[in-house]
Protein chains: 2
Amino acid sequence: MEKKNTELPPGCKVSITGLKDVQDIMGGKWKYRIVAALYFVGKMRFMDLKRHIDDVAPKVLSKELKDLEMNQLVTRTVCSTKPITVEYALTALGESMQGFIQSMADWGVQYRHTVIKKPVGNTLRISG
Amino acid sequence: MEKKNTELPPGCKVSITGLKDVQDIMGGKWKYRIVAALYFVGKMRFMDLKRHIDDVAPKVLSKELKDLEMNQLVTRTVCSTKPITVEYALTALGESMQGFIQSMADWGVQYRHTVIKKPVGNTLRISG
DNA sequence: CTGCATCCACCGTGATACTG
DNA sequence: CAGTATCACGGTGGATGCAG
């Protein structure tokens with residue numbers, strides 16, 4: 001099995017594997033928004049989350065949450081209330097993403113300022 | 001035009017717009033790897049890049065590069081050599097992404113350690 | 001309220017072959 | 001060498017309806 005020359009220089013510190021893992025875990029259109037919402041708002045029920053996040057289709061939200069739960073970034077708690085409700089919350093692991101998510105968002109804001117030159121709005125809404 | 005309740009708490013510092021911008025710009029399967037390769041290896045020709053990055057199909061690599069160029073993250077320089085060659089390099093803007101890309105990759109490595117519990121390899125190849 | 005089932009349209013990705 | 005053309009395929013996201 002022939003190895004191709006895919007080596008990076010010795011000083012290289014970035015892990016492509018790490019990048020790919022993150023892309024797998026956070027793939028899809030909504031995961032970053034879900035995590036951000038849960039981080040800043042705290043645990044939420046399904047419909048609250050849905051309303052916060054641009055009215056994503058329930059099927060899609062459900063799937064995204066299931067993915068996040070499987071990867072141990074979110075917990076799902078069923079409350080035995082009258083009509084059943086379910087609460088979602090970030091795990092410690094999920095919260096630990098805030099660091100680079102923040103960096104990413106900040107870069108995006110900076111990019112918008114310097115390149116797109118259009119306002120960010122007031123950066124305080126989940127949708128838009 | 002009815003506004004939905006999509007407000008985040010006043011202390012919120014993350015910009016969803018910023019996140020979406022980054023997702024738009026860096027969408028697709030290969031862009032992070034391309035940027036990482038160009039960052040650590042420096043300017044490269046098309047085929048070199050292709051070889052570095054897991055032998056991605058030329059059509060796909062071409063498209064990704066065109067996207068990155070359009071968003072001013074890479075430059076494309078045609079060299080009038082015998083058979084024409086083209087060099088791709090990061091712009092300052094592209095290099096400025098290294099910060100959060102690094103954070104993201106590091107988080108991914110940490111995640112792999114604590115959750116997947118499988119080795120990262122030696123983190124020094126673009127593919128794999 | 002939650003979220004699954006079904007159906008469907010679209011796009012991203014990929015293999016291969018070909019042109020300048 | 002640096003791409004483009006063509007074709008094919010699967011996954012993702014979305015609409016709607018229904019079930020626990």
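Residue numbers begin at 1 in each chain, while the letters A, B, ... track the order of the sequences.
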Atom-pair distance ([atom1] on [X]; [atom2] on [N]), nearest Å:
| X | N | atom1 | atom2 | answer |
| --- | --- | --- | --- | --- |
| A:Asp24 | D:dT12 | CG | P | 10 Å |
| B:Asp67 | C:dG12 | CG | C1' | 11 Å |
| B:Lys66 | D:dT4 | NZ | P | 4 Å |
| A:Lys50 | D:dG14 | NZ | P | 11 Å |
| A:Glu69 | C:dT2 | CD | P | 15 Å |
| B:Leu61 | C:dA15 | CG | P | 13 Å |
| B:Arg76 | D:dC1 | CZ | P | 16 Å |
| A:Ile53 | C:dG3 | CD1 | C1' | 16 Å |

| message | Heavy-atom nearest nucleotide on DNA chain D for A:Ala57 versus A:Ile84: which residue maps closer to 5'? | response |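 Nearest-nucleotide comparison on DNA chain D picks A:Ala57.
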
Closest to the [X] side chain, choosing from [options]:
| X | options | answer |
| --- | --- | --- |
| A:Lys59 | C:dG14, C:dT6, C:dG3 | C:dT6 |
| A:Ser62 | C:dG3, D:dT4, D:dC1 | C:dG3 |
| A:Met47 | C:dG3, C:dC1, C:dT13 | C:dC1 |
| A:Thr85 | C:dG3, C:dC1, C:dT13 | C:dC1 |

| query | At under 4.0 Å between heavy atoms, what does A:Gly28 touch on the DNA or RNA strands: base, sugar-phosphate, or nothing? | reply |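 Sugar-phosphate: the residue A:Gly28, judged by heavy atoms under 4.0 Å, touches backbone atoms but no base.
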
Under 4.0 angstrom between [X] side-chain N/O and [N] OP1 or OP2:
| X | N | answer |
| --- | --- | --- |
| A:Lys63 | D:dG11 | no |
| B:Lys82 | D:dA2 | no |
| A:Tyr88 | C:dG3 | yes |
| B:Arg45 | D:dA2 | yes |

| task | Give me the one residue out of A:Arg51, A:His52, A:Lys50 that meets side-chain hydrogen bond (donor to acceptor under 3.5 Å, both in side chains) with A:Asp48. | result |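 Answer to the side-chain hydrogen bond (donor to acceptor under 3.5 Å, both in side chains) test with A:Asp48 among A:Arg51, A:His52, A:Lys50: A:Arg51.
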
| request: Is it possible for you to say whether B:Met70 and B:Leu65 belong to one hydrophobic cluster, with membership spreading through side-chain heavy-atom contacts below 4.5 Å? | output: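 Unlinked, B:Met70 and B:Leu65 end up in two clusters.
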
| query | Do B:Leu38 and B:Leu49 have side chains that get closer than 4.5 Å, going by heavy atoms? | reply |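 B:Leu38 vs B:Leu49: side chains touch.
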
| query | Considering only heavy atoms from C-beta outward, does the side chain of A:Val115 approach that of B:Asn71 to under 4.5 Å? | reply |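 No, too far: nothing below the 4.5 Å cut-off.
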
| Whether A:Tyr32 and A:Phe100 hold their rings parallel, tilted or perpendicular, with breakpoints at 30° and 60° |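 Ring orientation, 0 to 90° scale: perpendicular.
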
